[in-house]
Amino acid sequence: MSSLGTKMKNYLLQRNISIKQLADETRISKSTLYDFFNGKHELGATNFVCLIKHLNIDINNVMDEYHDDTDNVHRNINTEYETIKSLNAHDLIEYLSKIGIHQTAVVLSDFIVKTQYENELSEKIDVIQSVAQELVFDKLDYYTTDELNLFINLISVSSNFNYVYGIYLDCERLFARQNFKAMYRNKSESIQQLLMIRFNMIGLCMKHQLSDLAKNIIGLSKQLKEVVDDMYSVLLLRLIEVLEFIMLNEYDRAKVLYNHIFSAVSYLLPAIGQFRFEMLFMDSFEEFKQNFETNSCG
């Protein structure tokens with residue numbers, strides 16, 4: 001259980017802001033905010049930055065509490081951030097090489113979050129990409145949430161499509177191994193991770209106007225329909241269908257399906273499932289929603 005949300009409740013009290021008002025102003029769902037402030041869950045990185053900016057909270061006051069104390073007891077995130085900013089690729093590899101693949105992914109993800117907050121990422125992105133590839137992606141035998149978060153963060157900030165696409169192809173090869181089903185506790189978890197990576201890649205292809213590549217990834221995703229056996233993956237596949245409608249300029253169909261999906265979330269998933277689903281997809285999907293709403297109004 002996280003103590004960060006319960007501590008941050010004080011900021012709401014000081015500003016006399018209700019959770020409903022905060023949800024309306026930030027577009028973070030009420031259920032997500034209630035769970036966070038009641039200590040049930042942490043927020044995803046994007047929502048976390050959105051929240052502390054909206055509440056005008058100094059990020060240095062909260063970043064060192066953002067992760068589980070057991071895994072990060074020896075970390076000072078502010079010192080770590082300044083250190084990483086000062087290092088070139090070779091020295092940063094040496095600095096991080098002893099903490100392991102998964103913790104390196106956490107550290108680099110945190111750095112991206114904070115540089116986004118400080119608007120200082122552009123001058124360091126090439127170094128972060130190089131280190132992420134050498135210490136994380138080139139050494140992976142399987143994906144965990146830590147590597148997935150790093151990959152998605154890189155998708156959101158990198159202007160080097162060839163780099164991201166190379167990581168994506170390595171991911172596809174990893175998931176294509178014969179022992180695919182053994183990579184996670186069960187097959188469903190593996191499929192969720194694969195679909196999340198593909199979903200974000202489709203969005204990136206749309207951003208770079210690479211519709212043929214996006215269609216190929218959609219085609220790969222549809223092949224999984226026969227083996228999907230959990231609600232998260234079913235909903236994600238439906239979201240991919242929405243992206244396909246957007247690419248085909250069928251905005252009305254996209255909007256109808258989109259609204260049905262997020263109506264279904266409250267009925268088909270328990271509270272913890274709603275939090276997880278919204279954390280993973282809501283922020284990035286809002287961009288697509290705004291895109292087809294703008295086009296359909298035109």
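Residue numbers start at 1 and run along the sequence shown.
In this structure, F137 and F151 have perpendicular ring planes: the angle between them is above 60°, well past the 30° mark.
L257 has its side chain out of reach of L239: every pair of non-hydrogen atoms, C-beta onward, lies at least 4.5 Å apart. Within the 4.5 Å cutoff, the side chain of L213 has no heavy atoms near those of the H208 side chain. In this structure, the side chains of Y168 and N200 stay at 4.5 Å or more apart for every pair of heavy atoms. Inter-residue side-chain proximity for E94 and L87 is flagged as unmet; no heavy-atom pair is nearer than 4.5 Å. Side chains of I167 and L154 form no contact here, defined as non-hydrogen atoms less than 4.5 Å apart. Residues D138 and D170 form a side-chain contact, since some pair of their non-hydrogen atoms from C-beta on lies under 4.5 Å apart.
To the nearest 0.5 Å, the span separating CZ on F161 from NZ on K207 amounts to 11.0 Å. The structure places CD1 of I191 at 11.0 Å from CG of L236, a figure rounded to the nearest 0.5 Å. D126 contributes atom CG, which lies 7.5 Å from atom OG of S159 (distance to the nearest 0.5 angstrom). Summarising the geometry, atom CG belonging to L22 is positioned 5.5 Å from atom CG belonging to L55; distances are rounded to the nearest 0.5 Å. Between the CZ atom of F245 and the CZ atom of R253 there is a distance of 3.5 Å, given to the nearest 0.5 Å. Between the CG atom of L204 and the CD1 atom of I155 there is a distance of 6.0 Å, given to the nearest 0.5 Å.
The shortest non-hydrogen separation linking N88 to V127 is C-CG1, 4.1 Å. In terms of heavy-atom proximity, S233 sits nearest to Q192 at OG-CG, 3.3 Å. Pairing each heavy atom of K139 with each of E134, the nearest pair is CE-O, 3.5 Å. When all heavy atoms are compared, the tightest approach of Q129 to Y163 is O-OH, 2.7 Å. Closest of all the heavy-atom pairs between A214 and M247 is CB-CE, 3.7 Å. Closest of all the heavy-atom pairs between A105 and D146 is CB-O, 3.7 Å.
Side chain to side chain, N249 and Y251 meet the donor-acceptor criterion of an N or O pair below 3.5 Å. With 3.5 Å as the limit, one finds a donor-acceptor pair spanning the side chains of Q21 and E25.
Under a 3.5 Å cut-off, the side chain of N259 and the backbone N or O of K255 do form a donor-acceptor pair. The closest donor-acceptor contact from the side chain of T83 to the backbone of T79 lies under 3.5 Å. Using a distance-only test at 3.5 Å, with no hydrogens or angles considered, a donor-acceptor pair links the side chain of R198 to the main chain of L220. In this structure, the side chain of Y258 does not engage the main chain of V242 through any donor-acceptor pair within 3.5 Å.
Residue K20 places its NZ atom among 12 or fewer non-hydrogen atoms of other residues, nucleotides or ligands, all under 6.0 Å distant. Atom CD of E82 sits in a crowded spot, with more than 12 heavy atoms from other residues, nucleotides or ligands closer than 6.0 Å.
Judged as a ring pair (Phe, Tyr, Trp, His ring centres under 6.0 Å), the pairs with a partner in residues 87-107 (not counting sequence neighbours) are, in order, H102-Y142.
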> How far apart are the C-alpha atoms of K124 and T115, what are their side-chain angles, what is the distance that settles it, and do they pass the side chain to side chain contact (heavy atoms under 4.5 Å, CB included) test?
Replying inline: CA-CA 9 Å; K124 203 69 182 180; T115 50; 5.6 Å; no
> Do I84 and V107 pass the side chain to side chain contact (heavy atoms under 4.5 Å, CB included) test, and can you show the C-alpha distance, the side-chain angles, and the key distance before you say yes or no?
Replying inline: CA-CA 10 Å; I84 293 175; V107 168; 3.7 Å; yes
> Should K114 and D110 be marked as a salt bridge (charged side-chain N to carboxylate O under 4.0 Å, His left out) after you check the CA-CA gap, both sets of side-chain angles, and the distance that decides it?
Replying inline: CA-CA 6 Å; K114 188 160 185 182; D110 283 350; over 6 Å; no
> After noting the C-alpha distance and the side-chain angles of N153 and L108, does the key distance pass the side chain to side chain contact (heavy atoms under 4.5 Å, CB included) rule?
Replying inline: CA-CA 9 Å; N153 280 341; L108 293 178; over 6 Å; no
>> Before you tell me yes or no, could you show the steps for I128 and L92 under side chain to side chain contact (heavy atoms under 4.5 Å, CB included), namely the whole-Å CA-CA distance, both residues' side-chain angles and the distance that decides it to 0.1 Å?
In response: CA-CA 9 Å; I128 297 303; L92 183 54; 4.1 Å; yes
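Transitive grouping of hydrophobic side chains (ILVMFWY, heavy atoms separated by less than 4.5 Å) brings L135 and I99 into a common cluster. In this structure, L169 is a member of the same hydrophobic cluster as I202, with clusters built from ILVMFWY side-chain heavy atoms closer than 4.5 Å.
Between E241 and K225 there is a salt bridge, with a side-chain nitrogen of the basic residue lying less than 4.0 Å from a carboxylate oxygen of the acidic one.
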